[in-house]
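Working notes, structure below.
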Amino acid sequence: MLSKMSKKSDSSGESDTSEIDLNYEDDSSTSSTEDSDHPTVVENRRVKLPTEKVLPSSASKAGDAKKIGADTETDAAPEKWRILTDEEYTNAQDIQVPDVSLYSFYPYKPKRKIKIYNNPPKQKLSDIVKDMIKDDRAETSRVLIGEDYSIKCSGDILRCYSRCFSNRDWRVREFKFNAEDVPAKGFELAYKWMRFRELPAAPAVAPMLQVAKKLKIDLLERDCWKLLSQRSVREKVAMEVYMEARKLPLLNDLKAVMLSRLRAYFLGLVGHNSFLDLTVDELVEIISLDSIGVNSEIEVFLAVLRWLNHMPEQRQKHLRRTMAAVRFPYMPMSFLFRLKDGCNAKNKVELFSADPMLLAFHMDPQTPALLESAMTFIGVRLQHTKHGEFVEVCAEHKLKVQYPRRWIYHMGCPYHIYDLSYPFQHRFSKLEFNDLLCSLQIKWADDGADIAYGEARTIDIPPKKGKERKKDLVQIFNS
């Protein structure tokens, strides 16, 4: 801070002027706050007195002036610091305090250069984690399934979703499972769901659901059931899901649900090779359902014979069990008499040589009793129309009460009957039945055939009433 002050002085009776530069510099080592109650004022009062040059007066002689110019110019007292009094500080009206930079008092000299980079904005932590999961950059664990399948996984992701993994020792990095309990295909899809929350098509959900149940992945199990609960998972799609789930031990509930949605596609399934690959338990479970789409119990009987004839030597032992699931009391009386006549025929070996299982059915000693029981059931049912009375009579004669199925009418089928009345009067041959299976196979073979196709080509029975019945009749006529 620089200040200037003009001061008058008397020298040899005359007034001379001298300029005094008051250059203020900060020196904290000599500052004192004890001389005044206002440290800031004291700091401003402390000035440095520079060397003062004294000039001769104008009244001196010329000769003396030369001498003085050469000899009498002397230096003033040494430089010193002094503090102005209150009176001096108050009277110094021409003192100005200019604004100066802080670095004029305390120069800044960094030891090294500071570089300020124009960095791009930081990526969000959530985005970083998503990228790591997407690229699978945290593969710290390995899952072994069976003897052939191995996959690297992120242990953190597995522990996050699966209670089975989270309850294990976190230091373990290798996990091994049986292929029956944890199918490789299902685990691969389940791990993909953990990373991207994506679900595959409905048929592939079954092994995923098995993995979710086994490894206790509750969120995945919920999403699988949500997908399988859609209305489109019916008929052919439901059967595909069932075929995927049929050998998985924890999916009995799923198999029951999928079979309950099998209706219009049943006869299409009978003509498919997958029907021949069913186990006896699966076959009995399917034909025991009320919802399978048939118009006559004869179709169920012929479907069982088709399954038995696929491997007659191995499956003949299942003849009685499978025929027990067929509801003979709902066959036409004329058809039952034909079967009974075949049992009593002396040349039945020659008659049924082309069909080994039909021959075995007629050769079975329990078949006549089965047919007679069905005929008795029909007679009692016609005599006692009231349900309560009918049940009492069946109990008295030790007849098993069997209920009809939810019949269905396939439009375009030549032997299906729309207005069914008990006892039924169907008349068709095995050749006509095979022709129907072939035609349905062609229609259901298209990948686009789904629930809409089944609803468009079939009608539920018993017949509806009023406007709904008229609408069905128009649909039948147009077909």
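This chain uses plain numbering: 1 for the first residue, then up along the sequence. Below, all heavy atoms of this structure are taken into account, side chains as well, without hydrogens, waters or symmetry copies.
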So, does [X] use its side chain to make a donor-acceptor pair with the main chain of [Y] at under 3.5 Å?
X: H397; Y: V393; answer: yes
X: Q425; Y: P423; answer: yes
X: E299; Y: N295; answer: yes
X: W307; Y: L278; answer: yes
X: T458; Y: Y409; answer: no
X: Q383; Y: V380; answer: no
X: D460; Y: I408; answer: no
X: E235; Y: L262; answer: no
X: S141; Y: E174; answer: no
X: K236; Y: W444; answer: yes

What heavy-atom pair brings [X] and [Y] nearest, and what distance separates the two atoms?
X: V401; Y: C394; result: CG2-CB, 3.8 Å
X: S291; Y: R263; result: O-NH1, 3.0 Å
X: D181; Y: P183; result: O-CD, 3.6 Å
X: C413; Y: L436; result: SG-CD2, 3.8 Å
X: T367; Y: C343; result: CG2-SG, 3.6 Å
X: M208; Y: C224; result: CB-SG, 4.2 Å

Worked verdict on R405 versus E297 for salt bridge (charged side-chain N to carboxylate O under 4.0 Å, His left out): CA-CA 9 Å; R405 303 183 189 274; E297 195 66 23; 2.9 Å; yes
Test: R427 cationic atom under 6.0 Å from Y415 six-membered ring centre, within 45° of axis: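 No, R427 does not lie over the aromatic ring of Y415.
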ring-ring contact (aromatic ring centres under 6.0 Å, His included) partners of H410, counting only residues at least two apart: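 H410 satisfies ring-ring contact (aromatic ring centres under 6.0 Å, His included) with H416 only.
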Aromatic ring proximity, centroids under 6.0 angstrom, F424 and Y422: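 Centroid distance Y422-F424: below 6.0 Å, so yes.
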F301-F433 aromatic ring centre distance below 6.0 Å: no
Side chain to side chain, D223 and R197, heavy atoms closer than 4.5 Å: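 Contact flag for D223/R197 side chains = yes.
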Side-chain heavy atoms of L199 within contact of L220, under 4.5 Å: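 Result yes, sub-4.5 Å side-chain heavy-atom pair found.
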What is the distance from atom [atom1] of [X] to atom [atom2] of [Y], rounded to the nearest 0.5 Å?
X: I298; Y: H426; atom1: CD1; atom2: NE2; answer: 7.5 Å
X: R159; Y: C153; atom1: CZ; atom2: SG; answer: 11.0 Å
X: R406; Y: L289; atom1: CZ; atom2: CG; answer: 10.0 Å
X: I157; Y: F165; atom1: CD1; atom2: CZ; answer: 12.0 Å
X: Q210; Y: E221; atom1: CD; atom2: CD; answer: 10.5 Å
X: S296; Y: L420; atom1: OG; atom2: CG; answer: 8.5 Å

Evaluation steps, salt bridge (charged side-chain N to carboxylate O under 4.0 Å, His left out), between D218 and R163: CA-CA 8 Å; D218 299 333; R163 287 188 287 120; 3.1 Å; yes
Take atom [atom1] of [X] as the centre, draw a 6.0 Å sphere, and report whether it contains more than 12 heavy atoms from other residues, nucleotides or ligands.
X: E350; atom1: CD; result: no
X: N167; atom1: CG; result: yes
X: E188; atom1: CD; result: no
X: E180; atom1: CD; result: no

Residues which pass side chain to side chain contact (heavy atoms under 4.5 Å, CB included) with H272, listed by chain and number, not counting sequence neighbours: S274, Q441
By side chain to side chain contact (heavy atoms under 4.5 Å, CB included) - contacts of E198 (at least two apart):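 For E198, the residues satisfying side chain to side chain contact (heavy atoms under 4.5 Å, CB included) (neighbours in sequence not counted) are K192, F196.
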Residue pairs fulfilling salt bridge (charged side-chain N to carboxylate O under 4.0 Å, His left out) with at least one residue in residues 354-369, sequence neighbours excluded: R320-D364, D355-K430
Salt bridge (charged side-chain N to carboxylate O under 4.0 Å, His left out): pairs with one or both residues in residues 248-262, sequence neighbours excluded: K213-D253
Give every donor-acceptor pair under 3.5 Å between a side-chain atom in residues 321-339 and any protein atom, sequence neighbours left out.
residue, atom, partner, partner atom, Å
R321, NH1, D281, OD1, 2.8
R321, NH2, D281, OD1, 2.6
T322, OG1, H318, O, 2.9
T322, OG1, L319, O, 2.9
R327, NH1, D290, OD1, 2.9
R327, NH1, Y403, O, 2.7
R327, NH2, S288, O, 3.2
R327, NH2, D290, OD1, 2.5
Y330, OH, Q402, O, 2.6

side-chain contact (heavy atoms from CB on, under 4.5 Å) assessment of M239 paired with I286: CA-CA 11 Å; M239 193 62 201; I286 292 175; 4.2 Å; yes
Criterion side-chain contact (heavy atoms from CB on, under 4.5 Å) on F177 and L215, from CA distance to verdict: CA-CA 10 Å; F177 300 97; L215 302 182; 3.7 Å; yes
Using the test salt bridge (charged side-chain N to carboxylate O under 4.0 Å, His left out), find all partners of [X] that sit at least two apart in sequence or belong to another chain.
X: R246; answer: E282
X: D435; answer: none
X: R168; answer: none
X: K216; answer: none

Plane angle bin for Y191 and F187 - parallel if under 30°, tilted between 30 and 60°, otherwise perpendicular: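 Rings of F187 and Y191: parallel, as their planes differ by under 30°.
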Audit row: Y149, L144, side-chain contact (heavy atoms from CB on, under 4.5 Å) steps and yes/no: CA-CA 6 Å; Y149 185 80; L144 304 174; over 6 Å; no
Sequence-distant partners of R142, side-chain hydrogen bond (donor to acceptor under 3.5 Å, both in side chains), two or more places apart: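 So R142 forms a side-chain hydrogen bond (donor to acceptor under 3.5 Å, both in side chains) with S150.
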For residues 369-378, which side-chain N or O atoms pair as donor and acceptor with protein atoms under 3.5 Å away, sequence neighbours left out?
residue, atom, partner, partner atom, Å
T376, OG1, E372, O, 2.9

